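Please read all numbers here as calculations on a predicted model, not as lab measurements. A, B, ... follow the sequence lines: proteins, then strands. Residue 1 opens every chain.
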2 protein chains.
Amino acid sequence: MTTARTGAGRASPRGRRAARSAGDDRETAILATAERLLEQRAFGDISIDDLARGAGISRPTFYFYFPSKDAVLLTLLDRVTEEVDAAAGDVLVRLAEDPRARWRELIQRFHETFGAHRALVLACAQVRGTNAEVRRLWAAVLERWVQAIEAAIEAERRRGAAPDGLPARDLAIALNSMNERVWYATFAGDGPAVDERDVVDVLLDLWLAGIYRDTTPPPST
Amino acid sequence: MTTARTGAGRASPRGRRAARSAGDDRETAILATAERLLEQRAFGDISIDDLARGAGISRPTFYFYFPSKDAVLLTLLDRVTEEVDAAAGDVLVRLAEDPRARWRELIQRFHETFGAHRALVLACAQVRGTNAEVRRLWAAVLERWVQAIEAAIEAERRRGAAPDGLPARDLAIALNSMNERVWYATFAGDGPAVDERDVVDVLLDLWLAGIYRDTTPPPST
DNA sequence: GACGTCAGTCAACACCCTGTCGAGTGCCAT
DNA sequence: ATGGCACTCGACAGGGTGTTGACTGACGTC
């Protein structure tokens, strides 16, 4: 369930046919077209025909590569979440060094990665409402992050840096949810939103307050 | 901009024609059908024909009452936000009596009102991505709430109950955003979510942490 | 070097949904 | 009785999706 593309044909994704068949180019072209068009208009205003023409193929041919418009988005989303995971790296295991700095680093990296793909992230948030697959993928990704944060909170409590309080999982869910929605508003720019330059510090402050009741949690001794 | 229905005909919403013309019934029937159908399937899977047939009229006739499917949702949303505002009442001006109890009351009432219309609220959250009108209305509603919370936070700081820190507006935005997303997950039931019975307390805890750095803020002396 | 196979391609079709137009129908005031 | 208005819908145009079936060309095989 890591890769969502599956496609219609091509059982073995990178089979015997030496390197990059013509189809590989087309698939890449579709993805690139999607990402490009998303910078210009909303996902709902992009038709399969737009994607196909952008990739230099006809509409029916599009279906050879992807079962639907949403599947393209899914593939793109999969990529970005991998990128985010890579950016987050091992920050959480090094929390005790300097909690405030590490949490900030984590939030900052999420912010940068999402910001670099804001059109795509916005599109996913929009489509999540109508598409069950996107919803499921996003839920799975979120679950991973929630579990990581939950574990980190518990570790901080165990070493006495953070007080007991809410169940760590509930706290992790709420904090992740806050980030998601706040980023969405900031990137979308409609409705009340935190300024992009401040958003990391605002979120950080609330994470520290929620986890430590304090903006300067103690490092390990 | 309070009422969003506008409709195609009927310049004067409640004109001379004595009480309730036949059209009034139809309009109500459409709204009722929409709310009923929303409990069963997603907004996107409800066609205008469904709404019309449910109200006992033909599809073209639907357009006499509403300019689009989204306009129906908009009207419904307008209603719920009014209900929420009424439920919230003057809780915020009585904050100093017992801050923890009052904040809890506020969150609790939001929770109850949204919970009573969860299908509708979920539909709006979904459509907000694709429909500019819903987005604008929601943004306006949110802006009102954010301003109210911002003012309340500033009042708490002025009387010395809450410490200075983040700009009150940013704090208000983040807390409102958190609530919105957390409720969405709880009501939608997909992805990581806080249990419905705990959600008020979880949110309350984070509000108090964010605003007071303390779960038992002082009442007025 | 004919031949089957299979990735890749698309014109044409069937379908569904939206929004509009124009021709009604019945009620009410004048 | 008649003109206007609230209200109604059959029929159409348009645009999107997803599928079908025929076609092309490169490749391995005998």
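- Note on A/Tyr65: a side-chain N or O is less than 4.0 Å away from OP1 or OP2 of C/dT9.
- No more than 12 heavy atoms of other residues, nucleotides or ligands sit less than 6.0 Å from atom CZ of B/Arg53.
- With values rounded to the nearest 0.5 angstrom, B/Arg109 atom CZ is found 14.5 Å from B/Phe114 atom CZ.
- Put simply, OH on B/Tyr63 is 15 Å from C1' on D/dG10, counting in whole angstrom units.
- With distances taken from any side-chain atom of B/Ser68 to the nucleotides C/dA7, C/dG19, C/dA11, the minimum falls on C/dG19.
- Judged as a ring-ring contact (aromatic ring centres under 6.0 Å, His included), the pairs with a partner in residues 189-209 of chain B (not counting sequence neighbours) are, in order, B/Trp103-B/Trp207.
- Taking the C1' atoms of five terminal pairs at each end of the helix from C/dG1-D/dC30 to C/dT30-D/dA1, the two resulting helix axes are inclined by 20°, rounded to 10°.
- One finds no side-chain N or O of A/Thr61 lying less than 4.0 angstrom from the OP1 or OP2 phosphate oxygen of C/dT9.
- Note on A/Arg100 versus A/Glu105: no salt bridge recorded, every NZ/NE/NH1/NH2 to OD/OE distance being 4.0 Å or above.
- Taking side-chain N and O atoms only, A/Arg26 has a distance below 4.0 Å to OP1 or OP2 of C/dT9.
- Residues from residues 41-54 of chain B placing a heavy atom under 4.0 Å of any atom in DNA chain D do not occur.
- At whole-Å resolution of the value, NZ in B/Lys69 and C1' in C/dT18 are 10 Å apart.
- Between A/Asp70 atom CG and D/dG18 atom C1' there is a gap of 13 Å when expressed in whole angstrom units.
- Ring centroids of B/Phe187 and B/His111 are separated by less than 6.0 Å, placing the two rings close together.
- The aromatic rings of A/Phe110 and A/Trp183 sit parallel, their planes meeting at an angle under 30°, below the 60° perpendicular limit.
- In this structure, the CZ atom of B/Arg59 is 7 Å from the C1' atom of C/dC17, given to the nearest Å.
- The side chain to side chain contact (heavy atoms under 4.5 Å, CB included) test with B/Phe66 is passed by exactly one of B/Ile48, B/Leu31, B/Leu51: B/Leu31.
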